[in-house]
Amino acid sequence: MAIFKCCFETQLSDFFEPMVQKCTDPGCCCWCCSALRPRYKRLVDNIFPVNPQDGLIKNNMEKLTFYALSSPEKLDRIGEYLYQKAARDIYRRRNGLVVIAMEAMDQLLVACHAQTLNLFVESFLKMVQKLLESTEPQLQILATQSFVRFANIEEDTPSYHRRYDFFVSKFSAMCHSNHTDRDWCNKIRLAGIRGLQGVVRKTVSDDLVENIWEPVHMDKIMPSLLYNMQNARYPISQPDSPAPHGEEDRQDPPTLAESCMRELVGRASFGHIKSVLRPVLRHLDLHKLWVPNEFAIHTFQIIMFSIQSQYSYTVVETLMAHLDDNSTSSPEIRTSIADVLSKIIAIAAGESVGPSVLEIINSLLNHLRVSVSKLAKAEDSARHKLVSREGSTHEKLYQEALINALGEFANHLPDYQKIEIMMFIMSKVPHSEQDGDVLLQSMLLKSLLKVGTKYQTIQLNQAFPVIFLERLLRMSVGPNPDMRLLVNKILHTLLDRHRNLDKLLKPTVDVDSLKLAITKSSRLDAIFIRKHGGDIFLTLYESLELSNNTVETIEAAYTTTALICIELVCEESVCDLLRLIMTIQDLALTSSKLSLHQKYQLHAIVSSLLALVPHCVPLASLQTYADKVIATRIARAPYLLPPLLRHYDSTVVPTGDVLLDQAQITACLSEAGLDATQMARPQPGSLQHRHSWVDSGMGANAVDINEVDSVSSSPGVVKKFPEEELTFESLKRILSPENVESRKEAEEETRLRLSETYRNAPFGELVRHTQSKGDVLNERLSQLLKKLATKQSLRYLSERQATERERDREEDQRSEEDSEEERDRFGRHSPRGHSRSQSTDRDMQLPPAPQPLYESLFPELFVY
Amino acid sequence: MEDYKFLFKVVLVGNAGVGKTCLVRRFTQGLFPPGQGATIGVDFMIKTVEVDGEKVKLQIWDTAGQERFRSITQSYYRSAHALILVYDISCQPTFDCLPDWLREIEEYASNKVLRILVGNKMDREDREIPMHVGEDFAQRHDMYFLETSAKEAENVEKLFMEIAAELMEQARSKELPRYDTNSPTINGRSTSVGDGSCCSKIS
């Protein structure tokens with residue numbers, strides 16, 4: 001520094017200096033003789049050789065640098081002077097000298113301190129622009145190099161007035177270079193990309209400088225980059241093109257463009273994403289790069305991987321919006337877009353939280369719905385006019401792509417969100433059975449299945465929230481066999497925790513060879529099956545009852561039952577399962593609706609299930625019995641065994657010991673120490689408080705199964721959910737054929753229902769019932785309600801389903817708790833005594849029902 | 001020598017193959033390249049002309065006519081001072097597309113942009129669009145009209161010189177559109193009005 005200082009002094013004492021100070025207008029200096037020129041001009045002049053080929057005179061350049069460093073205030077004039085010289089040289093086409101001038105400027109730029117650069121940079125950029133304006137590719141490339149060098153310098157003081165508009169425009173134009181010489185073409189394009197990269201680097205960090213994210217710039221930058229990238233994918237075939245200049249260790253335009261895009265996208269903030277993506281989408285549209293969509297996928301993957309991850313779902317949203325915009329374009333394009341979506345959606349899934357997830361799902365479902373209605377219309381017109389079906393196949397592909405996207409998305413979400421999504425999709429499934437709806441139903445169920453396959457079940461009660469399970473079950477007895485098949489598949493994938501599904505797809509009696517993975521079901525499982533087993537078994541039975549079942553649907557029902565057996569059944573619930581098996585056999589024997597083939601198929605799955613049960617629950621004697629029955633069937637009635645056939649030659653109605661015998665099974669159960677009494681009785685004692693399948697199932701099908709007696713003792717009707725049509729149906733069925741007894745039965749039913757209501761109905765219903773009885777009673781009740789109003793009772797009023805669960809839980813506790821405590825609890829089951837005469841066996845298993853609080857408080861209310 | 005008083009940006013648009021690049025080449029380089037390939041994206045040329053003793057620098061952006069480059073070419077409309085809309089007098093479809101082009105210009109360019117309709121290839125024998133039709137169209141849409149031939153160098157010089165003169169006129173009367181402040185040209189010489197010689201400091 002000391003030396004600099006010293007030199008500085010000497011230079012200040014330069015003789016000509018004062019004169020030079022005054023002479024600032026370059027125009028006036030032109031005629032000066034060289035001796036009178038200002039010092040900086042002489043220094044600048046000296047760096048140019050006589051012969052341009054000799055290149056920059058190094059010594060003199062050092063002197064100039066030294067001078068510029070020591071008197072930084074002169075730097076801007078040096079720059080200006082250099083620029084003028086270069087401009088003149090360009091005009092005279094003395095390119096050699098231009099190159100030297102540029103080189104000198106570069107060196108000065110690098111050497112000088114940042115704070116003094118500001119004005120020099122103006123001349124520097126003018127110089128660069130000048131070079132870029134020339135038609136010489138060589139100069140353009142040189143200018144770009146200088147510009148990039150400049151872009152890498154960090155300036156302390158940003159210059160707010162500096163504009164890069166021209167550079168963006170020109171570099172973008174260079175990216176599209178069409179130079180006849182392929183080598184030059186490549187070089188110019190490379191330079192263009194580098195230049196754009198430079199502009200981005202220079203401007204992106206400082207918001208106050210040129211806003212590079214303005215559409216006016218982005219609309220140039222993005223297409224330029226994409227154009228270069230897409231050329232790599234689809235190279236312009238030039239037969240005599242030599243191998244790319246690998247030895248130069250240079251990047252080719254596509255690679256560079258790609259890395260540039262990564263950089264750009266990586267720096268985009270939330271507000272900028274739209275302006276980045278819009279030109280990308282337009283470019284893909286215009287260049288018809290959606291079909292085939294390799295490049296689109298490639299591009300979007302780059303974007304997704306380089307974008308700041310918290311914004312990645314915005315990309316998905318934007319693409320989704322683009323799909324909206326393209327709703328009228330050909331299904332191929334839509335399929336491709338959906339495909340791209342499915343490829344990138346996974347990347348976004350990890351970052352998506354909260355409402356954005358459902359938004360995406362909702363949007364996908366909407367597209368699906370639109371497509372379904374479009375397809376329906378297309379098929380309609382195809383039917384009328386024999387239009388080619390091509391469109392509709394493409395439309396179907398599009399739907400597949402959408403479902404795929406949905407699945408991909410779900411795949412990368414945490415499990416709890418998958419359940420949310422499944423419930424969400426379920427809520428979108430239409431209920432009516434119209435033509436279009438069936439299509440939509442199956443589409444939505446397919447998407448549900450897709451999500452379901454991605455879900456890893458751990459706790460069944462988590463996988464099957466009550467509402468979800470309920471709707472699934474309801475759909476599984478729908479009229480459309482394909483739909484039932486789908487629902488069963490959903491059940492399979494959600495039930496199957498031990499990957500047994502593949503082994504259980506086809507019914508078989510040779511369970512040993514399946515090598516099933518079976519673990520003992522947990523307590524939570526037991527609770528689950530206790531709570532929902534009845535519903536599930538009932539719906540399974542009902543679905544088998546339908547006459548339009550195919551081999552596939554029956555097999556699917558088998559698989560479901562088998563999976564339940566493996567996953568859920570324990571000693572406690574094996575009875576229910578065995579009873580289901582027996583009932584299926586009864587159905588096969590007695591049903592008038594089913595065809596003979598279907599009946600044989602049912603027998604076959606009965607035998608398979610029977611063979612499976614002892615593998616899940618240790619029942620040695622049952623195993624023996626199952627083996628015996630199967631052996632008998634093999635010998636005498638092989639048509640009663642799997643595999644299921646579409647057509648059976650036999651017409652024999654099976655009787656005797658080829659059938660399962662209830663007494664034998666009961667014996668097996670009691671041998672194992674299980675409560676076999678339930679088996680014999682159509683009405684389960686211990687499960688009285690719940691509507692197990694026999695409660696309602698037997699009641700509903702009493703006539704079919706020829707167990708008329710059980711009807712009178714079956715109070716199932718009221719226990720069913722009031723909104724289920726089944727109750728009504730079953731009631732009708734019970735009533736219609738038994739004309740003689742119908743009245744009596746009806747009375748019985750009414751009585752039963754009454755007592756059941758008081759026994760089981762939520763309090764809200766009680767209120768409703770008693771309201772009709774008069775104002776006094778009503779008043780009393782409202783008083784009563786006030787007294788007893790707790791959070792619980794409020795919940796009863798609002799949600800019947802919650803009541804069910806609550807009751808179960810309490811029932812569970814009940815067995816463990818002191819009956820003293822029970823007395824305090826709101827006794828929903830209390831008036832049990834009134835129906836006690838109906839089922840004496842219950843009394844043996846349950847402790848006598850406690851007198852509820854309200855009953856003792858208002859005894860006059862409870863005189864029935 | 002290098003100091004110019006005005007800088008104007010001229011953008012050429014029109015269907016593919018109407019001769020935009022040839023017009024530019026003829027004007028800037030004085031040659032007619034036979035078998036000129038299709039322009040990719042955008043091409044850039046510069047030419048300094050003298051009008052009324054003042055140097056005027058014309059930045060000419062020659063855009064690709066092909067539809068697939070529409071996204072990038074449109075981005076150049078906005079900063080243009082003059083838009084030359086070119087059609088081929090021997091090719092009816094290129095004329096039929098003019099309304100579409102006008103719509104695009106309407107959408108993307110400044111509304112004060114100087115618009116010139118040019119019927120190129122007037123040397124061709126197989127004329128399909130009579131001159132008066134083009135003239136009518138131009139009049140209806142408030143455009144200047146000229147027929148040119150890049151091949152015979154007819155009216156090419158005149159075209160650009162008139163544009164330069166007209167733009168200068170506008171600039172002098174301070175009517176030159178103030179373009180979007182976000183995108184003036186480099187070095188703040190955004191509308192190039194008044195800050196003449198290149199040596200003057202940028203204010």
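Chain letters run A, B, ... following the sequence lines, proteins first and then strands; every chain starts at 1. When reading the values below, keep in mind they use all heavy atoms of this one structure, side chains included, and skip hydrogens, waters and symmetry mates. For clarity, every value in this text was computed on a predicted model and none was experimentally measured.
Residues passing the side chain to side chain donor-acceptor pair (under 3.5 Å) test with B/Asp100 are B/Arg103, sequence neighbours excluded.
Contacts of B/Ala38 with chain A are made by backbone atoms alone, with heavy-atom separations under 4.5 Å and no side-chain atom involved. Contacts of A/Ser172 with chain B are made by both backbone and side-chain atoms, with heavy-atom separations under 4.5 Å. A/Leu132 touches chain B through its backbone: at least one of N, CA, C or O sits under 4.5 Å from a heavy atom, while the side chain does not. Contacts between B/Phe69 and chain A at a heavy-atom distance below 4.5 Å involve backbone atoms as well as side-chain atoms. In this structure, no portion of B/Gln66 lies under 4.5 Å from any heavy atom of chain A.
By the 6.0 Å contact criterion, NZ on B/Lys151 is open, its count of non-hydrogen atoms from other residues, nucleotides or ligands being 12 or less. For B/Asp142, the CG atom counts as loosely surrounded, since its 6.0 Å shell holds 12 or fewer non-hydrogen atoms of other residues, nucleotides or ligands. Within 6.0 Å of the CZ atom in B/Phe32, the count of heavy atoms belonging to other residues, nucleotides or ligands exceeds 12. Within a 6.0 Å sphere centred on CZ of B/Arg124, other residues, nucleotides and ligands contribute more than 12 heavy atoms.
To the nearest 0.5 angstrom, B/Thr39 atom OG1 is 11.5 Å from A/His176 atom NE2. Taken to the nearest 0.5 Å, the CG atom of A/Leu286 stands 11.5 Å off from the CD1 atom of B/Ile72. Rounding to the nearest 0.5 Å gives a distance of 4.5 Å between OG of B/Ser75 and NZ of A/Lys220. Taken from OG1 in A/Thr135 to CE in B/Met45, the straight-line distance is 6.5 Å, to the nearest 0.5 Å. Of the inter-residue distances, the one linking B/Asp43 atom CG with A/Met174 atom CE reads 11.5 Å to the nearest 0.5 angstrom. Here the CZ atom belonging to A/Arg282 is positioned 9.0 Å from the CZ atom belonging to B/Arg70, to the nearest 0.5 angstrom.
Chain B forms the most heavy-atom pairs under 4.5 Å with one residue out of A/Lys170, A/Met218, A/Lys288, A/Met222, and that residue is A/Lys170.
In plain terms, the two heavy atoms of B/Tyr76 and A/Ala173 that are nearest each other are OH-N, 3.7 Å. Nearest approach of A/His287 to B/Arg68, heavy atoms of both residues: NE2-O, 2.7 Å.
For B/Phe44 and A/Phe171, the ring centers are positioned 6.0 Å apart or more.
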What verdict does the side-chain contact (heavy atoms from CB on, under 4.5 Å) test give for B/Ile40 and A/Arg189, after you've listed the backbone C-alpha separation in whole Å, the side-chain angles of each residue and the deciding distance to 0.1 Å? CA-CA 12 Å; B/Ile40 294 177; A/Arg189 284 186 184 184; 4.0 Å; yes
Candidate pair A/Asp165 and B/Arg78, rule salt bridge (Lys or Arg N to Asp or Glu O under 4.0 Å), full reasoning: CA-CA 11 Å; A/Asp165 187 54; B/Arg78 196 156 112 187; over 6 Å; no
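For the pair B/Ser71/A/Pro279, no side-chain contact is recorded, criterion being any heavy-atom separation below 4.5 Å from C-beta on.
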